[in-house]
2 protein chains.
Amino acid sequence: MHLRMTNQREIILRELKKSRQHLTADELYDRVKKDMPRISLATVYRNLEILSGAGLIGKLEISGRQKRFDYDVTEHDHIYCTVCHKVNNLDIERQGLHAKEVKAVKGYRVTGYRLEVIGVCPACQKRKEKKEKKK
Amino acid sequence: MHLRMTNQREIILRELKKSRQHLTADELYDRVKKDMPRISLATVYRNLEILSGAGLIGKLEISGRQKRFDYDVTEHDHIYCTVCHKVNNLDIERQGLHAKEVKAVKGYRVTGYRLEVIGVCPACQKRKEKKEKKK
DNA sequence: ACTATTAATAATAATAATTATTAAAAAAGA
DNA sequence: TCTTTTTTAATAATTATTATTATTAATAGT
């Protein structure tokens, strides 16, 4: 029983890929609405769940309130901006931590790990500098 | 202007430390209620925010729906169970990733990173084995 | 000690994000 | 085509968290 590619599913997937960003459900909803004005937010949520379950997209449980979805399903890490809450890919090698190091930690069955660098993105740094000058 | 240690604050802090676990606000609320039955959940939330702001406890934005709070404020990583959603300390050295490696990633000002190993805890593995046998 | 000021609390309402329900529409199978 | 299943839109419900507000408690100034 494989995934049926419905119209709304197709558009959701296409818009996420097109964005090349890590969008939240509601950000994606805003984009998808332009092509399909009658779609509902719940449909976006449901299909993001289905698409990530099928491995077509990634679901990021990242810092911050909302989940974000990733068009890139290959293994990679992220960097999170504490000011604008946006997420970017981290293009360093996953050299630091190898599965074997982590295996058998306290009897856990390890399935993966999540590395998230925290910081302030260039855009938010600039925005802050401007504010400082005003003072 | 430093933190005033009120009665409820004291009890919240004490119960979190006593638990030696990474509790959610409502888990902690249940424990604190035993000593102070008239406390409200909002008070627990507010004071956890204040205590973590003051650096007396840690706030974990971990996988899973709810935030968890940590009695241990020293730098360390966590392992997350995808079945029971509980969090444990990861006692491996933070050897893999050093701040310098991560510095200047894409122009970000890096403030830290978060490493979260994902897996299934021993207790949940056992519980699953039992279920398998029943079949 | 008394009063004013400020801060913290409990109770509750509001918000935000997500998930569930349901009736209707679309698609697939017989 | 008729029947069954799946998906959808609309909406209600839920969950986690934060804000509001009136009351209470703590602290500071006199």
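No hydrogens, no waters, no symmetry mates; every other heavy atom, side chains included, goes into these values. Each chain gets a letter, A, B and so on, in the order its sequence line appears, and its residues count up from 1. All figures in this text were calculated on a predicted structure; none of them were measured in a lab.
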Inset, instruction - May I ask you to say what B:Thr6 touches in the nucleic acid, namely base, sugar-phosphate or nothing, with a heavy-atom cut-off under 4.0 Å? - result: sugar-phosphate
Inset, instruction - Let me know the distance between CG of B:Asn7 and P of C:dA8, rounded to the nearest Å. - result: 14 Å
Inset, instruction - Could you tell me whether the side chains of B:His85 and B:Arg68 share a donor-acceptor contact shorter than 3.5 Å? - result: no
Legend entry - Atom pair distance, as rounded to whole Å: NZ in B:Lys59 and P in D:dT17: 10 Å
Inset, instruction - Give the ring-plane orientation class for A:Tyr71 versus A:His22, where under 30° counts as parallel, over 60° as perpendicular and anything between as tilted. - result: tilted
Legend entry - No-hydrogen, no-angle side-chain donor-acceptor test under 3.5 Å, A:Ser19 and A:Arg31: no
Legend entry - A:Lys18/A:Glu15 salt bridge by N-O under 4.0 Å criterion: yes
Legend entry - Residues touching DNA chain C, which here means a heavy atom under 4.0 Å, drawn from residues 65-73 of chain B: none
Legend entry - Shortest side-chain distance from B:Ser40, nucleotide among D:dA9, C:dA11, D:dT18: C:dA11
Legend entry - Option from A:Asp70, A:Ile12, A:Asp72, A:Leu51 for which side-chain contact (heavy atoms from CB on, under 4.5 Å) with A:Ile57 holds: A:Leu51
Legend entry - Gap between atoms CD and P, on B:Gln8 and C:dA11 respectively (whole Å): 11 Å
Inset, instruction - Please state whether the phosphate of D:dT17, meaning OP1 or OP2, lies under 4.0 angstrom from any side-chain nitrogen or oxygen of B:Tyr45. - result: yes
Inset, instruction - Quickly work out the B:His85 NE2 to D:dT15 P distance and round it to whole Å. - result: 13 Å
Legend entry - Nucleotide D:dT5, atom P - distance to CZ of A:Arg4 in whole Å: 13 Å
Inset, instruction - Take A:Asn47 and A:Leu41, find for each the nucleotide of DNA chain D with the closest heavy atom, and name the residue whose nucleotide sits nearer the 5' end. - result: A:Asn47
Inset, instruction - Please state how far atom CG in B:Leu3 lies from atom C1' in D:dT27, giving the value in whole angstrom units. - result: 15 Å
Inset, instruction - For A:Gln66 and A:Ala25, indicate whether the former's side chain and the latter's backbone hold a donor-acceptor pair under 3.5 Å. - result: no
Inset, instruction - With the side chain counted from C-beta on, respond yes when B:Tyr113 and A:Asp77 share a heavy-atom pair under 4.5 Å apart, and no when they do not. - result: no
Inset, instruction - Give a yes or no answer on whether the side chain of B:Gln125 reaches the backbone of A:Gly107 with a donor-acceptor pair at less than 3.5 Å. - result: yes
Legend entry - 4.5 Å side-chain heavy-atom contact, A:Leu16 and A:Phe69: yes
Inset, instruction - Output the residues of residues 10-38 of chain A in contact with DNA chain D, where contact means a heavy atom of the residue under 4.0 Å from an atom of the strand; sort by number or write none. - result: A:Arg38
Inset, instruction - Give a yes/no on whether any side-chain N or O of B:Thr43 is located under 4.0 angstrom from OP1 or OP2 of C:dT9. - result: no
Legend entry - A:Ile39 CD1 - D:dA10 C1' separation (whole Å): 13 Å
Legend entry - Separation of D:dT6 P from A:Arg9 CZ (nearest whole Å): 12 Å
